[in-house]
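In what follows, chains are A, B, ... by sequence order, proteins preceding strands, each numbered from 1.
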There are 2 protein chains.
Amino acid sequence: MRELKRQCTIHDIARRAGVSPSTVSRVLNQTSPVRPEKRRSVIEAVEALKYRPSIVAQGLARGRSPAVGVLVQDISSPFYSRILLGIEGRLVGTGLYPIFASGVEKRQTAQALQLLNDNRVGSMIVVGGRMFDADIIRMSARMPVVVVGRAIAGMEERCLRVENIEGGCRATRHLLDLGHRRIAHLTGVHNHPDAIDRREGYARALSERGIDVDPALIVTGDFEEISGLRGVEALVSDGVGFSAIFAGNDQMAYGAQLALHRHGLRVPQDVSLVGFDDLPHSTFTVPALTTIRQPTIAIGAAAVDALIGLLQGQPLCLPVFPTELVVRDSTAPFFG
Amino acid sequence: MRELKRQCTIHDIARRAGVSPSTVSRVLNQTSPVRPEKRRSVIEAVEALKYRPSIVAQGLARGRSPAVGVLVQDISSPFYSRILLGIEGRLVGTGLYPIFASGVEKRQTAQALQLLNDNRVGSMIVVGGRMFDADIIRMSARMPVVVVGRAIAGMEERCLRVENIEGGCRATRHLLDLGHRRIAHLTGVHNHPDAIDRREGYARALSERGIDVDPALIVTGDFEEISGLRGVEALVSDGVGFSAIFAGNDQMAYGAQLALHRHGLRVPQDVSLVGFDDLPHSTFTVPALTTIRQPTIAIGAAAVDALIGLLQGQPLCLPVFPTELVVRDSTAPFFG
DNA sequence: CTGTTAGCGCATTCAA
DNA sequence: TTGAATGCGCTAACAG
């Protein structure tokens, strides 16, 4: 690897300001009072040379790193990337900064974790993912960890939660209010807590109205578009009658939308469709998607806030995020 | 910030293996021969203690960092995040790792650049963005820099290029081949080289067939969905006749699709639509989008390869990426 | 208040 | 081949 042109160091500043390196460090970190005149000359030198301390050296000297490891399932996922945006935005100006490592599959996860460990990150945010809980629990013994977009048995209190049950209820109630009775549900990843909760909300809303859950109306998906598409195809080819669909997330709703279109079923005239997440793109589907909004950016920001609290020794405090129905054009009243 | 439980260091390994720290370093970095028996006991100790060197300390000692600064306009953009995926994937196993910093707006850009500088990254990949060229040129004087998704005057040779003109041609020819003559074009960001090239391709294909470019058919967009939507609305409300649209990218095509739908224009029966990029989502639009594919993942990977070559002192070699027409369901023959 | 000293964890001379 | 010594850039403990 090529050598870089040497950046100026704390010694250069010290020399130019006529003080010792420690003094420079003191004014920069405000770690102990410094005579005003010296302070001024230090600041002057810093500005003149455009000096910026090396985070690397600081980390070594301080014995802790300002890096926050962000472990994410898929950096290009439309959902997770919104959370990352929230995390990154909130980190700016805090002195902390993120190191992203993505690991969709198990092997990648091990590498990702190793990368974060090699960097000696001082804290972690886990965003979704399917790695073994044990790995995360082990990390959380060594540093502050906050989890977003999944639940981990044994460290529930560190998992940021969204009102998924309530959200599933809202979605389903909306369809019920429109007169729909045969409402299909495309679930998310099997055993995923969010998927389970949303389905639970679906069932709850149905039972509120005294409607029995028809297992034939529930199709297992995996939160990806293609599973939504296949889910609808299964429904149609099995001859299951339905006038509405509650998809476990927006991406599955997109797939469902396409499948419906291919079968000549119009949204919302023939079938009403509700998603979950309110991804930015859902404003632009044809037709625009009615969905349950969860505040992704705010969720990412909250994870950072919680982490900072933890780093300062405060007790963990994670808000539970509400969901909100956003009515657009993919739902309409049912006309038998 | 809380202290972490101390990780084991090279000294711990040295002690356990009964050798000096230098020897441990030697076997780990294979920097000079070590007697087999010692080598073995070092390796044994490393595995027993699950030792991993601190990247931070290595960076300090070596005077260079294995971190690659990745400056990106928007980490949550469906297009750029694909490139990031390619970059990240290619970096795994190279000993290098990315530090992402996003800066959509000018002020954020300055902060992003500062973050990378504070981390003393040893190289950089710039992905899109609208910051002043000068900032990038300045960086490129100090370290290897490769640019993706934009062009910078004065360092063209470091900018990875895609056959945008040819792509624009392909898209337009496809529509011409289907019999369309009134083909509208939604351009990307004003002055953006990709946008200019795609438009150039559009014009070239038209002139090949002896068709004059009608300025009324060209609407300026900005690569975002909403601009595609507004572009179509402008076209319709201005009463401009057209039977096909070539959108400067897929996101604008999405917006166009919705606008067409809202005006009761069916795709592809009434209007054919072609995008550019082939985002993963384009398989799931209603109807599935015909588009020009560019190999985003491969582009990210190529940027990394080029960077590694540069770091090893090799001359820069950037491939020019081809584009490919992907025909799906948003285009159909023109029937006057 | 401030300079000097001593590491942080590692790579890299330099001798041996 | 290998250990001891030195330093990367910075912070922190310790005198003064």
Between atom [atom1] in [X] and atom [atom2] in [N], what is the gap in whole Å?
{"X": "Asn29(B)", "N": "dG9(C)", "atom1": "CG", "atom2": "P", "answer": "17 Å"}
{"X": "Arg35(A)", "N": "dC1(C)", "atom1": "CZ", "atom2": "P", "answer": "7 Å"}
{"X": "Tyr51(B)", "N": "dG9(C)", "atom1": "OH", "atom2": "P", "answer": "10 Å"}
{"X": "Arg26(B)", "N": "dC10(C)", "atom1": "CZ", "atom2": "P", "answer": "15 Å"}
{"X": "Arg15(A)", "N": "dT2(C)", "atom1": "CZ", "atom2": "P", "answer": "19 Å"}
{"X": "Asn119(A)", "N": "dC8(C)", "atom1": "CG", "atom2": "P", "answer": "20 Å"}
{"X": "His11(A)", "N": "dT4(C)", "atom1": "NE2", "atom2": "P", "answer": "11 Å"}
{"X": "Ile55(B)", "N": "dC10(C)", "atom1": "CD1", "atom2": "C1'", "answer": "13 Å"}

Can you see if the side chain of [X] gets near the phosphate of [N] - specifically, an N or O under 4.0 Å from OP1 or OP2?
{"X": "Arg62(B)", "N": "dA11(C)", "result": "yes"}
{"X": "Thr9(B)", "N": "dG9(C)", "result": "no"}
{"X": "Ser22(A)", "N": "dT2(C)", "result": "no"}
{"X": "Ser54(B)", "N": "dG9(C)", "result": "no"}

Do Asp118(A) and Gln58(B) pair up side chain to side chain, a donor and an acceptor below 3.5 Å, judged on atom types alone?
no
Examine the side chains of Gln73(A) and Ser102(A) and answer whether a donor and an acceptor come within less than 3.5 Å of each other.
no
Run the salt bridge (Lys or Arg N to Asp or Glu O under 4.0 Å) test on Asp133(A) and Arg150(A) for me, step by step, so that the C-alpha distance in whole Å, both residues' side-chain angles and the decisive distance to 0.1 Å come before the verdict.
CA-CA 10 Å; Asp133(A) 291 0; Arg150(A) 70 180 288 187; 2.9 Å; yes
Around Gln314(A), counting heavy atoms of other residues, nucleotides and ligands shown, do more than 12 lie under 6.0 Å from its CD?
yes
For DNA chain D, which nucleotides open and close the run of contacts to chain B, 5' to 3', at under 4.0 angstrom from a non-hydrogen atom?
dT1(D) to dG9(D)
Using only atom types and a distance under 3.5 Å, with no angle test, would you say the side chain of Arg158(A) pairs donor to acceptor with the backbone of Val145(A)?
yes
Counting distance only, does the side-chain N/O of Asn119(A) pair as donor-acceptor with the main-chain N or O of Leu115(A) below 3.5 Å?
yes
Judged by each residue's nearest nucleotide on DNA chain D, which is more toward the 5′ side, Thr31(A) or Pro33(B)?
Pro33(B)
Nearest-nucleotide comparison on DNA chain D, the residue closer to the 5′ end among Val34(B) and Pro21(A):
Val34(B)
At what distance, to the nearest 0.5 angstrom, does CD of Gln114(B) lie from CZ of Arg52(A)?
3.5 Å
Quick note, Ala61(A) side chain, CB onward, closest among dG9(C), dC8(C), dC10(C) is dC8(C)
